[in-house]
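Just so it is clear: chains get the letters A, B, ... in the order the sequence lines come, proteins before strands, and each one is counted from 1. Only a predicted model underlies this, so the values are computations on that prediction, with no experimental measurement involved. Both backbone and side-chain heavy atoms feed into the values below; hydrogens, waters and symmetry mates do not.
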Amino acid sequence: MDMALDTLSEIPDDALLVLFANGDAAAARALNLRLTPRVFAQAMRMLGNRAEAEDVAQDAMMRLWKIAPDWRQGEAKVTTWLYRVVANLCTDRLRRRPSVGIDAIPEPADDSASVADGMQDRARLDALYRALDTLPDRQRQAVTLRHIEGLANPEIAAIMDISTEAVESLTARGKRALAAALAGRREDLGYSDG
Amino acid sequence: MDKNSLQNGGQGDLPLDDLQSDELAALDDLFALARGTVGADDAFQPSMGLMDRVMSDALAVQAVPQVPAAEVIAPRAPHPLQPAFWRNALAALGGWPAMAGLVSASVAGIWIGMNPPSLLSDSAATVLALDSDDYLVDVLPGFSAEIDSTFFEG
């Protein structure tokens, strides 16, 4: 028998996944409500395009549903696994995009992709995401997870399957490259020199 | 500041401290702005259509019969009477059909050995010439004689 959603809210993700694999539809609803917004937001931050982010989110969640019967409790956090899946799916999509300089990337066609209310904030965030697009894949992934997702280095290391020291190196190099890429756009970003 | 070296991220990287503090501050502001928009901006909220599609996927996957997760998660202890070695040996031989043929041939061999048909007994006697000593060949005919002479001469 399915359990009520408020009861399920206290259950950890991996236990819900076991319930899901055993046919519990309420567990599916609880996981959907809990994880899909998080997955979508991550994809949106990495891709900056709503349609693509929705595709990635649906794909990532489908992989979660399919792996549920084989999920081993206690071995990995569901959210960490999902971060990795989404990051890889987004990286694949970004690789397929034509490689162009930061100033040549057009503004997003979809207005809903704009990420702030004020025009200034919107322009600044657009500049940030376009600068992120110019970074090598691993640097972009590490910087996004560290500085935008706000994850700790050990968790990023688990997601990217590298050492904590490698995460620190990637984020430092990525941050330097971002600062350099944005240095020439200070006027656009609303910062005055000096 | 050499932007090219920064962008390449090569071995000659400048430490973060060497970047202008206002550039880093601007970058940190941008990160904070990006973090702050999460959850507050509708652009980061999934549409109802996406939530419905994900739910439909989940129910479709559930509809397909699956091995219950509990069975997968529980470690499977090897059966005491069928250790992995015998399972592997059986697989190497070709499985149960090959094993059936092997057992049949073995039983037939044992039966023939215990109770040989007369035709086979006669043939074997002919081939091996059991009624003569011709098959006893002295491979070193001079050996014993030499030893003998050494013994008796020394």
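- The main-chain N or O of F20(A) is found under 3.5 Å from a side-chain atom of Q62(B) such that the two form a donor-acceptor pair.
- Linking Ile, Leu, Val, Met, Phe, Trp and Tyr residues whenever their side-chain heavy atoms come within less than 4.5 Å places L47(A) and V39(A) in a single cluster.
- V143(A) is not connected to I159(A) by any chain of hydrophobic side-chain contacts under 4.5 Å among Ile, Leu, Val, Met, Phe, Trp and Tyr, and they are in different clusters.
- Residues W65(A) and L59(B) do not share a hydrophobic cluster, defined by chaining ILVMFWY side chains whose heavy atoms lie under 4.5 Å apart.
- In this structure, F40(A) and F44(B) approach most closely via the heavy-atom pair CD2-O, 3.5 Å.
- The shortest distance between side-chain heavy atoms of F31(B) and L178(A) falls below 4.5 Å.
- For the pair L33(A)/M51(B), a side-chain contact is recorded, criterion being any heavy-atom separation below 4.5 Å from C-beta on.
- Y83(A) is not connected to L17(A) by any chain of hydrophobic side-chain contacts under 4.5 Å among Ile, Leu, Val, Met, Phe, Trp and Tyr, and they are in different clusters.
- In the displayed structure, R53(B) atom CZ is contacted under 6.0 Å by more than 12 heavy atoms of other residues, nucleotides or ligands.
- Atom CG of L128(A) is separated from atom CG of D29(B) by 11.5 Å, given to the nearest 0.5 angstrom.
- No donor-acceptor distance shorter than 3.5 angstrom exists from the side chain of N32(A) to the backbone of V54(B), with no hydrogens or angles considered.
- Follow the hydrophobic side-chain contacts under 4.5 Å out from I148(A) and you never reach L151(A); the two are in separate clusters.
- Within the 4.5 Å cutoff, side-chain heavy atoms of K175(A) are placed close to those of D28(B).
- Between L27(B) atom CG and R176(A) atom CZ the span is 12.0 Å, to the nearest 0.5 Å.
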| task | Starting from the C-alpha separation in whole Å, work towards a yes-or-no answer on side-chain contact (heavy atoms from CB on, under 4.5 Å) for H147(A) and L30(B). | result | CA-CA 10 Å; H147(A) 294 291; L30(B) 278 178; over 6 Å; no

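- Here the side chains of E54(A) and S47(B) are in contact, with some heavy-atom distance below 4.5 Å.
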| Candidate pair K66(A) and D57(B), rule salt bridge (Lys or Arg N to Asp or Glu O under 4.0 Å), full reasoning | CA-CA 10 Å; K66(A) 287 185 173 173; D57(B) 287 344; over 6 Å; no

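- What you find for A28(A) and M55(B) is that their closest heavy atoms are CB-CE, 3.8 Å.
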